[in-house]
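Side chains included, hydrogens not; waters and symmetry mates left out as well; all remaining heavy atoms used. This is a predicted model, so every value here is computed, not measured. Throughout, numbering of the chain's residues begins at 1 and tracks the sequence.
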Amino acid sequence: MASLWLVSRASRRFLKPSHSFSRTLFAVSSTYQLTTNSKNPNPNPYPNATLLGPFTQGHRWTPSCVEFDLRLLAHISSSSSSTGAKNYGNRASNDAKVEVEASWIDLYLPRQARPYAKLARLDRPIGTWLLAWPCMWSITLAASPGHLPDFKMMTIFGCGALLLRGAGCTINDLLDRDIDTMVERTKLRPVASGLLTPFKGLCFLGFQLLLGLGILLQLNNYSRILGASSLLLVFSYPLMKRLTFWPQAYLGLTFNWGALLGWAAVKGSVDPAIVLPLYLSGVCWTLVYDTIYAHQDKEDDLKVGVKSTALRFGDSTKEWITGFGIMCISSLALSGYNVEIGWPYYAFLAAASGQLAWQIWTADLSSRVDCNRKFVSNKWFGAIIFSGILFGKLSS
């Protein structure tokens with residue numbers, strides 16, 4: 001018993017803090033107890049447990065040093081987490097502000113030429129690819145079996161696609177300058193932002209059309225008339241978003257005119273059995289990729305009051321564009337069959353089907369970044385089809 005009494009006495013002395021330190025800790029502990037008791041009249045966190053000895057009183061005794069350490073730890077933890085959240089928010093805000101990195105236009109062109117280059121979208125070549133691929137498909141289909149396509153004609157059409165796409169963008173920005181200022185993605189375009197005046201934009205458009213005329217004069221008379229008629233589509237397309245929910249279909253008619261023109265430039269006429277299915281396939285392809293693209297602006301389009309297939313299809317978008325994708329591949333198969341192309345074409349067509357299916361099934365229509373990524377990937381769809389036509393012709 002004597003030994004037990006000595007151990008108990010020593011334990012109490014060990015736990016007893018110094019006088020000055022204990023007052024400070026007691027103040028912290030008292031504040032903690034008052035706060036706890038005011039919010040929870042039963043401070044016992046385990047109401048079903050049986051308390052023994054002095055813990056059966058109306059308050060719970062906790063060593064002040066333990067409470068102090070816990071509160072200090074909580075303060076440090078909350079401060080560091082809030083600081084981390086603030087830093088993360090700043091990083092996210094900075095990432096959101098950096099929408100467009102400096103392109104080769106900003107690095108290499110004179111300052112006076114930069115707005116015009118951006119007006120023609122020279123820093124974003126995907127539009128030129130999408131306009132050029134139907135031309136290349138048509139020119140290659142028109143080649144003689146076992147022979148390569150006419151590279152001179154492909155060069156002419158490549159330059160023409162670059163100029164016509166630039167002219168189309170200029171027309172679009174001039175007509176849509178009031179709308180572009182209200183859309184987040186387009187408000188910094190040269191005309192909308194005031195970097196270029198509408199008059200300067202018109203002068204630049206005249207220069208582009210003059211160069212385009214020089215390209216058109218390199219073709220035969222039939223192709224000149226057919227090519228000039230496409231300008232009706234080019235000038236009227238920007239108005240379609242105000243009139244119909246199907247501006248993407250109208251864009252398909254405009255962007256795939258080269259499917260008709262390429263064959264005519266090589267053959268001097270149009271074969272409807274081959275060229276019309278090819279043209280239809282391009283229109284359906286455009287409906288797929290431009291509907292995905294339009295989902296980037298659907299919130300802004302609703303505010304502004306313009307229309308698109310993204311708004312028309314809504315939650316049924318993937319079902320609609322799947323149907324257009326099937327029509328695209330079927331029309332390409334029909335065009336190849338009518339021209340009696342070799343079997344490699346169909347192997348590449350199967351690969352292109354997989355690429356198109358990947359776009360549709362994996363597109364996150366609520367993410368602007370993913371919609372743009374899927375849109376840009378269509379340059380590879382066009383390249384796959386072109387490769388299939390090329391190898392199919394060489395094996396014919």
Side-chain angles (χ1 to χ4, degrees), residues 119-121 124 126-128 130-135 138 157 160-183 185-186 189-192 196 198-213 215-216 219 223-262 264 270 275-276 278-291 293-294 297 300-301 304-313 324 375:
L119 185 59
R121 311 286 198 276
R124 299 186 179 184
I126 179 59
T128 303
L130 297 176
L131 187 61
W133 279 130
C135 305
S138 187
F157 272 79
L162 181 67
L163 289 171
L164 186 60
R165 189 268 180 132
C169 291
T170 302
I171 296 169
N172 185 79
D173 286 10
L174 288 171
L175 294 177
D176 286 352
R177 60 185 183 275
D178 295 332
I179 293 176
D180 286 345
T181 58
M182 296 183 283
V183 177
R185 185 177 55 85
T186 61
R189 286 178 175 173
V191 177
L196 287 178
F199 177 74
K200 290 182 178 179
L202 280 173
C203 293
F204 182 60
L205 175 61
F207 173 71
Q208 290 172 297
L209 293 177
L210 184 62
L211 293 179
L213 177 61
I215 295 291
L216 195 62
L219 308 179
S223 301
R224 291 172 187 172
I225 298 172
L226 188 63
S229 62
S230 68
L231 291 177
L232 296 174
L233 295 170
V234 174
F235 275 92
S236 58
Y237 161 69
L239 303 175
M240 290 300 110
K241 64 175 71 72
R242 297 168 173 84
L243 304 176
T244 176
F245 279 102
W246 293 86
Q248 280 69 29
Y250 204 83
L251 179 68
L253 296 174
T254 307
F255 250 51
N256 295 279
W257 198 257
L260 307 174
L261 191 58
V270 169
V275 173
L276 290 184
L278 186 67
Y279 184 53
L280 177 62
S281 71
V283 174
C284 293
W285 178 40
T286 304
L287 276 163
V288 173
Y289 67 67
D290 207 55
T291 298
Y293 185 79
D297 301 329
D300 291 325
D301 288 348
V304 175
V306 297
K307 304 172 184 179
S308 70
T309 50
L311 296 177
R312 170 64 179 82
F313 301 156
F324 291 128
F375 169 73

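For Val306 against Leu311, the heavy-atom pair with the smallest separation is O-CD1, 3.6 Å. Ala310 and Thr291 get closest at one heavy-atom pair: CB-O, 4.0 Å. Across all non-hydrogen atoms, the minimal contact from Gly201 to Thr170 is O-CG2, 3.6 Å. Between Ala192 and Asp180, the closest heavy-atom pair is CB-CB, 3.6 Å. Closest approach of Gln208 to Ala167, counting heavy atoms only: NE2-N, 3.4 Å. The shortest non-hydrogen separation linking Cys169 to Leu119 is CB-O, 3.5 Å.
Taking 4.5 Å as the limit, every side-chain heavy atom of Trp257 sits out of range of all side-chain heavy atoms of Pro134. A 4.5 Å side-chain heavy-atom check between Leu202 and Leu174 finds at least one atom pair inside the cut-off. Looking only at side-chain heavy atoms (C-beta outward), Tyr279 and Leu253 come within less than 4.5 Å of each other. Looking at heavy atoms from C-beta onward, Trp285 lies in side-chain contact with Leu130 at the 4.5 angstrom threshold. Looking at Ser308 and Asp297, their side chains never come closer than 4.5 Å, going by heavy atoms from C-beta outward. Between Leu175 and Asn172 the shortest side-chain heavy-atom distance does not fall below 4.5 Å.
With sequence neighbours left out, the salt bridge (Lys or Arg N to Asp or Glu O under 4.0 Å) criterion links Asp176 to Lys241, Arg242. Looking at residues two or more places apart in sequence or on another chain, you find a ring pair (Phe, Tyr, Trp, His ring centres under 6.0 Å) between Phe313 and Trp246, Trp320. With sequence neighbours left out, the salt bridge (Lys or Arg N to Asp or Glu O under 4.0 Å) criterion links Arg121 to Asp173.
Checking side-chain atoms of Arg165 against main-chain N and O of Leu131 turns up no donor-acceptor pair under 3.5 Å. Although no hydrogens or angles enter the test, the distance criterion places no donor-acceptor pair under 3.5 Å between the side chain of Thr286 and the main chain of Gly252.
From Leu163, atom CG reaches atom CG of Leu216 across 11.5 Å, with rounding to the nearest 0.5 Å. One finds the SG atom of Cys135 at 10.5 Å from the CZ atom of Phe255 (value rounded to the nearest 0.5 Å). In this structure, the separation between CG on Leu209 and CG on Leu231 is 6.5 Å, given to the nearest 0.5 Å. Of the inter-residue distances, the one linking Ser281 atom OG with Asn256 atom CG reads 7.0 Å to the nearest 0.5 angstrom. Note that the NZ atom of Lys307 and the CZ atom of Phe245 stand 5.0 Å from one another [nearest 0.5 Å]. Rounding to the nearest 0.5 Å gives a distance of 12.0 Å between CG of Asp290 and CZ of Phe324.
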Q | side chain to side chain contact (heavy atoms under 4.5 Å, CB included) between Ser230 and Leu261, worked out | A | CA-CA 10 Å; Ser230 68; Leu261 191 58; over 6 Å; no
Q. Given Phe157 and Ser138, is the side chain to side chain contact (heavy atoms under 4.5 Å, CB included) satisfied, shown in steps?
A. CA-CA 11 Å; Phe157 272 79; Ser138 187; over 6 Å; no
Q.
Show, in sequence, the C-alpha distance, side-chain angles and deciding distance for Leu276 and Leu280, and conclude whether the side chain to side chain contact (heavy atoms under 4.5 Å, CB included) test is met.
A. CA-CA 6 Å; Leu276 290 184; Leu280 177 62; over 6 Å; no
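Side-chain N/O atoms of Gln248 and Thr309 include a donor and acceptor closer than 3.5 Å. Remark: the Ser236 side chain and the Tyr250 side chain contain an N/O donor-acceptor pair separated by less than 3.5 Å.
Among Val234, Ile215, Leu211, the single residue meeting the side chain to side chain contact (heavy atoms under 4.5 Å, CB included) criterion with Leu164 is Val234.
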